[in-house]
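Quick note on labels: first sequence line is chain A, next is B, and so on, each numbered from 1.
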There are 2 protein chains.
Amino acid sequence: MNAGICTLWITPGIPQMASKLKLKSVDIGNRASAGSIVYEALRKAIIDGDLEDGAPLRQDDIAGQFNTSRIPVREALSKLEQEGLVKNRRYRGAVVAGISLREASEIFDFRILMEGEVIGASVPNMTSASLSKARGYCEEFRRTEDSKNWSKLNRKFHYSLYRDSGLKYHLDMIDNALDRTERYVHAQLSISQGVAKAHDEHLAILEACENGNAEMASRLTREHISSVRDELLEHLGGRR
Amino acid sequence: MNAGICTLWITPGIPQMASKLKLKSVDIGNRASAGSIVYEALRKAIIDGDLEDGAPLRQDDIAGQFNTSRIPVREALSKLEQEGLVKNRRYRGAVVAGISLREASEIFDFRILMEGEVIGASVPNMTSASLSKARGYCEEFRRTEDSKNWSKLNRKFHYSLYRDSGLKYHLDMIDNALDRTERYVHAQLSISQGVAKAHDEHLAILEACENGNAEMASRLTREHISSVRDELLEHLGGRR
DNA sequence: AAATTGTAAATTGGATCCAATTTTGTTGAC
DNA sequence: GTCAACAAAATTGGATCCAATTTACAATTT
């Protein structure tokens, strides 16, 4: 479980020399705290669905797995609670926060609003570099067989089309919404023809972006997310 | 500082009897933790502008003021960071996170999108109770002289029109946006004729709601927030 | 056997202590 | 006087300890 924790630190303190020596700067100075390492690991595990909804998150267990005390674990759990990924009850511990279909549906509505707006603001600023990057993710999405990667690449594709908007606050909000719905997107893509349909819609969105048609990109994005939501509700038996 | 903390606890564990005995239940069981008390106090101080942008928040100082150790303070600061109200740099401490006009402007755009949508969803569900409550806040807003209360009542008025939407996720997002912009709203209302103009617009929004005109309420809300933003940018010398 | 009470174990919240890092102040060289 | 090098103080991050609370479980009563 200690994978990724580097034990050999370079001693800091001579930043002036660094530029002269042309060393690949590793951005020492803001190394991850124990808390943020635990946070990232738990966040990934929850989003990927490796931890089931309602699963208890014992501070001692987690602290043991990361070879730390419970203090950083509590910090991580607190952050995750703020993001809505875990629920914390005083003296009763934390559990993975599952979201109902009702809640998921609302977050999809939020995404429709947000992402439709942001991609529209993004289109005028898109560079050929960001467009080819997006096309890369799009292709990768189509080719990949691993269901675990579908939702990740889907997310990367969409998000890469939003960055040029420069709307940092909106992007943060979208990030959180994607965090909370990723499990559901994964489920939706795993069902029949989800990936093929999504890929077609991705191509259409890409084309609109390449043509500089912001209004079209916005509309197609809204319809795309909307259709993901509807199929999800249909297949998982929830009614709006 | 211990005001509000009761030292005489009724022993829990007999919920069946409670109903028979008709005791006034005081909802023991989710008392506030030290961390959340510190969190609420700091949040209020930052939003109200009692703490200036960039002001350092020393863990020891705060812990001393609340007669606790630094642990709950760290928890509070961590939550506030997630909300964007403070910035935390490893080993360097936390400071109040000021937002630039550029950032504030973006958050206003976010609010225009969000609140326009949410009030539209709310109108069909509004009851006469919630409408009269909103009208109460609206009146209070007009009558009050204290500039500190303007932004609070303004916020209460608007928010009371959103609750009936039942869109919990959207409401959370709006809450955060309001937290971050409240200082700016306060500044805008303090300048010439800000309150009178706002009140007129509030009345128009209320009327649209009472008439069940969701589209109108949505449009007026968007225009209202938009005008607050524009006046703010104009008076504080920022350009879009 | 079912319900209730009491007790021990498990778990979390908070205080205190130590280590890591930054900041501040001082000294010395030029 | 200015700058670097160094030491001391201040501050934060993390570990360990204790207290508060909940949970699990055995004992008791009916």
Nucleic acid footprint by protein, nucleotides 13-18 of chain D - heavy-atom cut-off 4.0 Å, B for base, S for sugar-phosphate alone
BBBBB-
For residues 147-157 of chain A, which residue pairs pass the salt bridge (charged side-chain N to carboxylate O under 4.0 Å, His left out) check, not counting sequence neighbours?
A:D48-A:K152, A:D50-A:K148, A:K152-A:E182, A:R155-A:D175, A:R155-A:D179, A:R155-A:E182
Could I get the full list of salt bridge (charged side-chain N to carboxylate O under 4.0 Å, His left out) partners for A:D172, not counting sequence neighbours?
none
Relative orientation of the end axes in the helix from C:dA1-D:dT30 to C:dC30-D:dG1, expressed as an angle to the nearest 10° (five pairs per end):
0°
Measure the shortest side-chain to side-chain distance between A:W150 and A:S147 over non-hydrogen atoms and say whether it is less than 4.5 angstrom.
yes
Taking side chain as C-beta onward, heavy atoms only, is B:L189 less than 4.5 Å from B:F141?
yes
List in chain and number order the residues that pass salt bridge (charged side-chain N to carboxylate O under 4.0 Å, His left out) with A:R111, two or more places apart in sequence or in another chain; answer none if no residue qualifies.
A:E115
Within residues 53-71 of chain A or reaching into it, pairs that qualify as salt bridge (charged side-chain N to carboxylate O under 4.0 Å, His left out) - sequence neighbours excluded:
A:D53-A:R183
Rounded distance in Å - CG (B:D61) to C1' (D:dA10):
11 Å
Any side-chain heavy-atom pair of B:T181 and B:F108 under 4.5 Å
yes
From CG (A:L51) to CZ (A:R43), nearest 0.5 Å
13.5 Å
